[in-house]
Amino acid sequence: MTALIALATAVGLALTLLTAAAPPATAAADLLSQGRPATSSSTENASTPASAAVDGNTGTRWSSTFSDPQWLTVDLGATATISRVVLRWEAAYARAFQIQTSDNGTAWTTVHSTTTSTGGLQTLDVNGNGRYVRVHGTQRGTAYGYSLWEFQVYGSGGGTPPGNGIPDPTTASLEAADGPLTTASYTVPSPIGYGSGTVTYPTAGGSYPGVVLMPGYQGTQENLRWLAPRLASWGFVVINVGTNTLTDDPGSRGRQISAAGTQLLALGNAPGNPLSGKLNGTLGAVGHSMGGGGVMAALRDDPRFRAGVPTAPYYPKVNFSSVTEPTFFLTCQSDPVAHGNSYAVPWYNSMSQAEKLYIEVPGDHLCPMTGYGDKAKQGKWIVSFLSRWLRADTRFSPFLCGPVRDGDKNDTSLVTRWMDTCQF
């Protein structure tokens, strides 16, 4: 017995010493770069912007022109302590590059350097501080440019991520006409590729996703005017678009959605206007009727658009099975023009790779337009969907999935058909 007690005492002492000698656990590093403003020395084309490397989507990428040197920079919003950088290279990688930090975006400090990189997925432990972090390529590994699926910066500090300044949503706050953020408006002085544009944006600091609103046949900005301030007051920069002509077909409206998105991002990157610094590079779109068909075309053809809400969408004889981005179809039960069974439901069923939501409500073709339908409910659903998928804000998921939404889903006077891919 004495021997057992002595053994137990010795083991206990050893464990105590090991515990005392063990270093304290370090806090997990935060992903600081996702959704932040990104710039680059060049882009190969419009479908490979700098923002694609910090959007959290491994199916989109930044790529440069085919020359040395090139760089990609992300603005963390405030000075941060940088502990790790993850590079997910496409086939066009950097053989020689540096990871650099800066407080002002001008003077750079190198925290990692290599001349023998082989590309692929690289996780680099670094030690540095700065508001800006860039990967600076000095020698390409192929005859092409530099191309990154994702550029992820981890650490602590930095600015407040988009969405963190928005209070927890409630049914009452989402069904109110205005959300928690104060907004202002700005008229685009010289629209490029579309007819007209009015931007509604949060006046608070920070950068936000952009959303393009597109009207239907013979429609104007009035079509979706109700939605612009709702979205902006929940943390989006919203451009409400007028078309080149009132009779533009859905394909044309899709191209105009892309053009409006391009100009919105350009305004966010340019000094001297109210939108400067307001855009984080992520885009979504909402459209009615032919504008809803245009949303589907933008989701199919323009990888910058990460989520869409086609309302009473119309686009005959077109296949959208290749759309993989989250899509919310809002349709009208008594629609004689674009009934869900004619367009939205077949598209919904064919999109096997996308997160999807389908809600049919009472009303005719005009039910999603200004002055028609239950805007408290429609606004709640649209704000929640775009917050979930453009800001990755899971606080909004319960209003679309699970018990919180069931009061809406099971109210036959409010919803006549509901389908989804929950849990999102």
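Residue indices begin at 1 and follow the sequence shown. This is a predicted model, so every value here is computed, not measured.
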Shortest non-hydrogen separation from [X] to [Y] and the atoms involved:
X: T138; Y: F97; result: OG1-N, 4.2 Å
X: G281; Y: S51; result: O-OG, 3.5 Å
X: V188; Y: L267; result: CG2-CD1, 4.4 Å
X: T43; Y: P49; result: CG2-CA, 4.0 Å
X: F320; Y: Y315; result: CZ-CD1, 3.7 Å
X: L174; Y: V383; result: CD2-CG1, 3.7 Å

Looking just at side-chain N and O atoms, do [X] and [Y] make a donor-acceptor pair shorter than 3.5 Å?
X: R417; Y: N341; answer: yes
X: S387; Y: D393; answer: no
X: T48; Y: S63; answer: yes
X: S196; Y: Q221; answer: yes
X: S397; Y: R388; answer: yes
X: T60; Y: R304; answer: no
X: T282; Y: D55; answer: no
X: T58; Y: E150; answer: no

At what distance, to the nearest 0.5 angstrom, does [atom1] of [X] lie from [atom2] of [Y]?
X: Y343; Y: F329; atom1: OH; atom2: CZ; answer: 14.0 Å
X: F399; Y: R395; atom1: CZ; atom2: CZ; answer: 10.0 Å
X: F236; Y: N280; atom1: CZ; atom2: CG; answer: 9.5 Å
X: T39; Y: L72; atom1: OG1; atom2: CG; answer: 7.0 Å
X: F396; Y: S384; atom1: CZ; atom2: OG; answer: 6.0 Å
X: S321; Y: N349; atom1: OG; atom2: CG; answer: 12.0 Å

Under the side-chain hydrogen bond (donor to acceptor under 3.5 Å, both in side chains) test, which residues partner [X], sequence neighbours left out?
X: T416; answer: E360
X: T200; answer: none
X: H136; answer: Q98

Residue pair S117, T114: steps toward the side chain to side chain donor-acceptor pair (under 3.5 Å) verdict: CA-CA 6 Å; S117 168; T114 183; 5.9 Å; no

For the [atom1] atom on [X], are there more than 12 heavy atoms of other groups (residues, nucleotides or ligands in this structure) within a distance under 6.0 Å?
X: Y372; atom1: OH; answer: no
X: D411; atom1: CG; answer: yes
X: F66; atom1: CZ; answer: yes

Side chain [X], main chain [Y], donor-acceptor under 3.5 Å:
X: S33; Y: V153; value: yes
X: S342; Y: A338; value: no
X: K356; Y: T327; value: no
X: T123; Y: V86; value: no
X: S102; Y: N104; value: yes
X: R140; Y: Y144; value: yes
X: Q70; Y: S67; value: yes
X: D248; Y: T245; value: yes
X: T370; Y: N223; value: yes
X: Y132; Y: L76; value: no

Using the ring centroid of each side chain, check whether [X] and [Y] are separated by less than 6.0 Å.
X: Y201; Y: Y186; value: no
X: H365; Y: H288; value: yes
X: F328; Y: F385; value: yes

Of all pairs that satisfy salt bridge (charged side-chain N to carboxylate O under 4.0 Å, His left out), the ones with a partner from residues 121-139, not counting sequence neighbours: D75-R131

Within residues 266-285 or reaching into it, pairs that qualify as salt bridge (charged side-chain N to carboxylate O under 4.0 Å, His left out) - sequence neighbours excluded: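 For residues 266-285: none.
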
Worked check of side chain to side chain donor-acceptor pair (under 3.5 Å) between S147 and R61: CA-CA 7 Å; S147 184; R61 63 187 177 94; 2.8 Å; yes

Worked check of side chain to side chain contact (heavy atoms under 4.5 Å, CB included) between T220 and L246: CA-CA 8 Å; T220 65; L246 295 178; 4.2 Å; yes

Heavy-atom side-chain proximity of V241 to V212 below 4.5 angstrom: yes

D408/K377 salt bridge by N-O under 4.0 Å criterion: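 Judged by the 4.0 Å cut-off on N to carboxylate O distance, K377 and D408 do form a salt bridge.
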
D420 and R405 ion-paired at < 4.0 Å: yes

Cation over ring face, R253 and Y194, 6.0 Å, 45°: no

Within 45° cone and under 6.0 Å: R84 NZ/CZ vs Y154 ring: yes

Using atom types as modelled, flag every donor-acceptor pair under 3.5 Å from a side chain in residues 177-184 to any protein atom, sequence neighbours excluded.
none

Intermediate values then yes/no, side chain to side chain contact (heavy atoms under 4.5 Å, CB included), V199 and V238: CA-CA 5 Å; V199 182; V238 184; over 6 Å; no

Residue pair M369, L224: steps toward the side chain to side chain contact (heavy atoms under 4.5 Å, CB included) verdict: CA-CA 6 Å; M369 285 176 51; L224 296 172; 5.6 Å; no

Result of checking K380, Q378, K375 against E175 for side-chain hydrogen bond (donor to acceptor under 3.5 Å, both in side chains): K380

Side chain to side chain donor-acceptor pair (under 3.5 Å) between N129 and T81, intermediate numbers included: CA-CA 5 Å; N129 296 277; T81 299; 3.0 Å; yes

Qualifying residue, where the test is side chain to side chain contact (heavy atoms under 4.5 Å, CB included) with Y358 and the options are T421, L330, T331: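 Of all the options given, the one that passes is T331.
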
